[in-house]
Amino acid sequence: MTAEESRLLEKLDLARLPRHVAVIMDGNGRWAQKRHLPRIAGHRAGTKSARTTIETCARLKIEALTLYAFSVENWRRPKVEIDFLMQLLREYLRKEMPLLQKNNIRMRFLGRIEELPAGVQNDVRGAMEKTAGNKGMVLCVALNYGGRAEIVDAMNAILAERNGHGAQDKVTEAQLSSHLYTDGLPDPDLLIRTSGEMRVSNFLLWQIAYAEIFVTETLWPDFNRARLLESLLEFQKRERRYGGIREGEPSEEKPVRAAGH
Ligand code: FPP
């Protein structure tokens, strides 16, 4: 560990870490461009940042980490880049399996997995099966993921369940949550986006309702352990109110519900 990393780690309150960290890994193309390299070199360099982030979060005992690897919109990219990203993911799953097992990480994939090429589907299922018994951090890879698609899929799953059943009550927030790809996971407390873009880009639209958003100018391949620790420290500086008022502030009435608007 570098001197900078241990200085940052010392400042971190390990009892107040986010339960779920979500990351929009952006800027691989720009990182490569700056070095006069092809875009795919940026993606390859990005896998190193993914490795560091995964390992560090697992060691910090963060419950869940979600990485946005491929969106439903990413099919608009050139075919060679798409093919490369799919191959990179397959290679990553094969090479990183020992690291995942060593850190007791359970893998999940969020998205329309059934639309992916057969080989990718196969590896994705394999990774889930191999890590199914692990009890440590849940690592979610958002793959062929779209936030709107996820909500539509959840509604269709609810409708499919109701077909043939009498109950036609209104859909509740809890019911919708339990049909999202993230069923059973806490909502992200911290959303990190690299490379400076101030956008949510169709990522976890439902789940980030109360997430703290941290945007850094750092490009994803440069996002190292020190930058991750900095974002966790920034999270700990934020005051989280969930639509209520500051703790200790006098209020005339008792809150009527736990989470407001
Ligand atoms: C965004 O950079 C990055 C992606 C669309 C792909 C993310 C994939 C990786 C980091 C590698 C694989 C990760 C895992 C977990 C196996 P961009 O191409 O949009 O960059 P730009 O905005 O600078 O063009």
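Order of appearance sets the numbers: ligands from 1, and atoms from 1 within every ligand. All heavy atoms count here, side chains included; hydrogens, waters and symmetry mates do not. Given the structure is predicted, the values throughout are model-derived calculations rather than measurements.
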*What atoms of ligand 1 come closer than 4.0 angstrom to any heavy atom of R30?*
21 (P), 22 (O), 23 (O)
*asked:* Counting non-hydrogen protein atoms only, what is the nearest one to atom 1 (C) of ligand 1? Give residue, atom name and distance.
replied: M25 O, 3.1 Å
_Ring centroids only, cut at 6.0 angstrom: are F70 and Y145 within range, meaning strictly under it?_
no
*asked:* Does only the side chain of R77 get under 4.0 Å from ligand 1, or the backbone, or both, or neither? Count heavy atoms.
replied: side chain
*Is E10 salt-bridged to R7, cutoff N-O under 4.0 Å?*
no
*When you check the side-chain N and O atoms of H20 and D189, is any donor under 3.5 Å from an acceptor?*
no
*Say you draw a straight line from CZ of F235 to CG of L190; how long is it, rounded to the nearest 0.5 Å?*
6.0 Å
*Run the numbers for me: atoms of ligand 1, each under 4.0 Å from some heavy atom of G29, listed by number.*
17 (P), 18 (O), 20 (O), 21 (P), 23 (O), 24 (O)
_SB check E197 R30 (cutoff 4.0 Å)_ = yes
*Under 4.0 Å from atom 14 (C) of ligand 1, is there any protein heavy atom?*
no
*Within less than 4.0 angstrom of ligand 1, does R39 place any heavy atom?*
yes
*Distance to 0.1 Å, residue and atom name: give those for the protein heavy atom nearest to atom 9 (C) of ligand 1.*
N28 ND2, 3.8 Å
*Lys/Arg N to Asp/Glu carboxylate O, R227 vs E4, below 4.0 Å*: yes
*Tell me which part of W220 gets within contact of ligand 1: side chain, backbone, both or neither, using heavy atoms under 4.0 Å.*
side chain
*Is the closest heavy atom of D26 to ligand 1 under 4.0 Å?*
yes
*Heavy-atom nearest neighbour in the protein, as seen from atom 12 (C) of ligand 1, with distance rounded to 0.1 Å*: T47 CG2, 3.9 Å
*Cation over ring, R77 on W75, under 6.0 Å and within 45°?*
no
*Decide whether Y68 and D26 meet the rule of one side-chain donor and one side-chain acceptor closer than 3.5 Å.*
no
*Which residue holds the protein heavy atom closest to atom 6 (C) of ligand 1, what is that atom called, and what is the gap in Å?*
A69 O, 3.4 Å
